[in-house]
Enquirer: 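The structure under discussion is supplied below as structure tokens; questions concerning it will follow.
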Amino acid sequence: MTRNATILRPMNVAGMMSGTSADGIDVAIVRIAPGAKGLRMKLLAHHAVPFSTSVRAAVLAAMDAGNISTAELARLNWRLGIAYADAIKATLAEYPVKLQLIGCHGQTIYHQGVPAKYAGVKLACTWQIGEMAMLAAASGVPVVSNFRPADMVAGGQGAPLVSLLDFVMFRHAGRGRVLQNLGGIGNLTAMPAGASLNDLIAFDTGPANMLIDAVTQSLFGKPFDRRGAIAARGMVLEAVVVSALKHPFFGRKPPKSAGREEFGSSFAAQFLKQCKAASRRPEDAVATATALTARSIGLAYCRFVQDRMEGAVDYLLSGGGAHNATLVEMLSSELDPLGCKLGTTEDAGLPAQTKEAAAFGLLAYETWHRRPGNVPAATGAVRSAILGEITYA
Ligand SMILES: Nc1ncnc2c1ncn2[C@@H]1O[C@H](COP(=O)(O)OP(=O)(O)OP(=O)(O)O)[C@@H](O)[C@H]1O
Ligand SMILES: CC(=O)N[C@H]1[C@@H]2OC[C@@H](O2)[C@@H](O)[C@@H]1O[C@H](C)C(=O)O
């Protein structure tokens, strides 16, 4: 397959995402083709491959690490390369699609979207790891990866990048739409009815499942609160929610991005301490973490989005948190009174668990055609940029 800067060709592209929850790798194979009104995308296959316990532990340790050896990072980089290679092989064994390209996000182990002083200069930085030579060799097709730095060099926060897919797949001429992903971190893309790419509002909303997972693991020894069953039995500790919402991230104006750096182990430890001081029932802590996610999203919508939307608004959820019934119910209590009709991306054609992976398929397609993939209105970049680098098979 040769690369062509001007002629867009239909392609089968696999997007691969392993996110801040560190639960595993989502693979979405999409058919992307030019159409009269822009690109058209169709989901051909989706496969989720969980990380093994040891890989998950290594990823979490690297993400929350104050201290990690270079040797450990190098090994993890290669181990993740093997995990991505295994994930694409498993997907293609189940869905034998003729692939032409892969877009692999890699695993974020550090993200600092805002410049800070380091070694005599101010810089922002981000790092997604996973040895892509493994993935290219295993799949036999070129792999686009390392999407975030080019946006940051253009003055953006390097995130969120999913906004382009939100625009391509979900914009609506007559209805406002908010796309809310509920991964480890939550993010939203808001599009007023008939919006152009420059009219988007997009930013990270704070923790989605990250805190719920940490609290559930610590108090119940389970990696997540399946369907929100534990939270449903608990009572929300209002004072703890109010205190947690004082974290400066929530009040900061977009563009903004977050990660375990803000809402990882030390935030969870402090939150748990407050919950334990307020109640002896562990399910109350899970309910309170779930309420914090819902409340922070409601507040973000009020503060940064509502003014820009007119008329009916579809609020479409995606990501693993869309399966948490208690979280969805709490979100509904926050958002219904603000005129938002809650649904999932599935209602508009893309299953909740596939959206982020599909986004990296689209971004790879754009890079392959030497077209920009960032949305400056979302990341805060001063210009658009072609994202990523290519590893050939
Ligand atoms: N059935 C379920 N019930 C409740 N929660 C669930 C369920 N399935 C998944 N989740 C939650 O979704 C999380 C994974 O979501 P997802 O894969 O969308 O996140 P991610 O891609 O790792 O994160 P990010 O989008 O921040 O990069 C799990 O850690 C869990 O908390
Ligand atoms: C640095 C990084 O990996 N950020 C992720 C993370 O997970 C969710 C949220 O924080 C989002 O900003 C981003 O991922 C999605 C795919 C994005 O860039 O749109």
Side-chain angles (χ1 to χ4, degrees), residues 15-28 48-51 56 59-60 63 103 105-113 124-129 146-149 151-152 156-166 179-189 202-217 222-232 249 254-264 286 289-290 293 317-328 345 351-360 362-363 373-375 378-379 387:
M16 303 180 75
M17 177 69 190
S18 55
T20 53
S21 298
D23 57 339
I25 302 168
D26 281 304
V27 185
V49 183
F51 281 145
R56 177 161 207 258
V59 168
L60 286 174
M63 284 200 282
H105 172 265
Q107 183 68 48
T108 296
I109 53 161
Y110 190 74
H111 182 73
Q112 179 206 316
C125 59
T126 191
W127 200 7
Q128 286 73 47
I129 66 169
N146 208 17
F147 291 90
R148 301 192 189 275
D151 176 75
M152 291 174 76
Q157 297 228 351
L161 294 180
V162 78
S163 313
L164 184 68
L165 173 123
D166 289 340
L179 280 300
Q180 172 75 55
N181 198 67
L182 299 167
I185 292 292
N187 63 34
L188 67 76
T189 303
F203 56 92
D204 286 354
T205 50
N209 296 296
M210 192 173 277
L211 183 66
I212 303 172
D213 287 357
V215 170
T216 307
Q217 183 68 55
K222 295 178 177 171
F224 65 97
D225 179 16
R226 187 173 294 278
R227 299 198 52 72
I230 300 174
F249 178 82
K256 56 180 179 171
S257 57
R260 285 193 184 269
E261 298 75 18
E262 289 79 14
F263 298 111
V286 181
T290 310
T293 295
L317 305 178
S318 61
H323 301 297
N324 181 328
T326 308
L327 175 58
V328 173
T345 52
Q353 204 61 38
T354 64
K355 195 184 86 161
E356 285 192 339
F360 287 94
L362 173 64
L363 291 173
N374 66 332
V375 177
T379 63
L387 305 181

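Each ligand, and each atom within it, is numbered from 1 in the order the structure gives.
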Enquirer: Could you identify the single nearest non-hydrogen protein atom to atom 13 (C) of ligand 2 and state the distance to 0.1 Å?
Expert: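 Looking only at protein heavy atoms, the one closest to atom 13 (C) of ligand 2 is Arg148 NH2, 3.3 Å.
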Enquirer: Could you tell me the residue and atom name of the protein heavy atom closest to atom 31 (O) of ligand 1, and the distance to it rounded to 0.1 Å?
Expert: Asp213 OD1, 2.6 Å
Enquirer: For atom 17 (O) of ligand 1, what's the nearest protein heavy atom and its distance?
Expert: Gln353 NE2, 3.2 Å
Enquirer: Under 4.0 Å from ligand 2, counting heavy atoms only, is it the side chain of Val162, its backbone, both or neither?
Expert: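 Answer for Val162: both.
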Enquirer: Short list, please: which atoms of ligand 1 are under 4.0 Å from a heavy atom of Gly321?
Expert: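 Matching atoms, with element in brackets: 12 (O).
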Enquirer: What part of Ile185, side chain, backbone, both or neither, has a heavy atom within less than 4.0 angstrom of ligand 2?
Expert: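 Contact part for Ile185 vs ligand 2: both backbone and side chain.
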Enquirer: Should you measure from each heavy atom of Ala258, which atoms of ligand 2 turn up under 4.0 Å away?
Expert: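 In order of numbering, the contacting atoms are 10 (O).
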Enquirer: Out of all atoms in ligand 1, which are within 4.0 Å of some heavy atom of Met17? Include the element for each.
Expert: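 Close to Met17: 27 (O).
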Enquirer: Where the closest heavy atom to atom 21 (O) of ligand 1 is concerned, which of Arg227, His323, Glu356 has it?
Expert: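 Result: the heavy atom closest to atom 21 (O) of ligand 1 is in Glu356.
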Enquirer: Which residue holds the protein heavy atom closest to atom 14 (C) of ligand 1, what is that atom called, and what is the gap in Å?
Expert: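 Answer, as residue, atom name and distance: Asp23 OD2, 3.2 Å.
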Enquirer: Distance to 0.1 Å, residue and atom name: give those for the protein heavy atom nearest to atom 23 (O) of ligand 1.
Expert: Gly184 N, 2.9 Å
Enquirer: Give the residue, atom name and distance (to 0.1 Å) of the protein heavy atom nearest atom 24 (P) of ligand 1.
Expert: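 In this structure, atom 24 (P) of ligand 1 has Thr20 OG1, 3.3 Å as its nearest protein heavy atom.
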Enquirer: Have a look at ligand 2 and work out which part of Pro160, if any, has a heavy atom under 4.0 Å from it: side chain, backbone, both or neither.
Expert: both
Enquirer: Quick check for you: to the nearest 0.5 Å, what is the distance between Asp166 atom CG and Asn187 atom CG?
Expert: 7.5 Å
Enquirer: Considering only heavy atoms, does Phe360 approach ligand 2 within less than 4.0 Å through its side chain, its backbone, both, or neither?
Expert: side chain
Enquirer: Only heavy atoms count here, so choose which of Gly320, Gly319, Ala214, Gly183 is nearest to atom 9 (C) of ligand 1.
Expert: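 Ranked by closest heavy atom to atom 9 (C) of ligand 1, first place is Gly320.
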Enquirer: Which of the numbered atoms in ligand 1 are below 4.0 angstrom from a heavy atom of Asn181?
Expert: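 It comes down to these atoms of ligand 1: 25 (O).
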Enquirer: Quick one: look up the protein heavy atom nearest atom 5 (N) of ligand 1 and list residue, atom name and how far away it is.
Expert: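 Protein heavy atom at minimum distance: Phe224 CD1, 3.6 Å.
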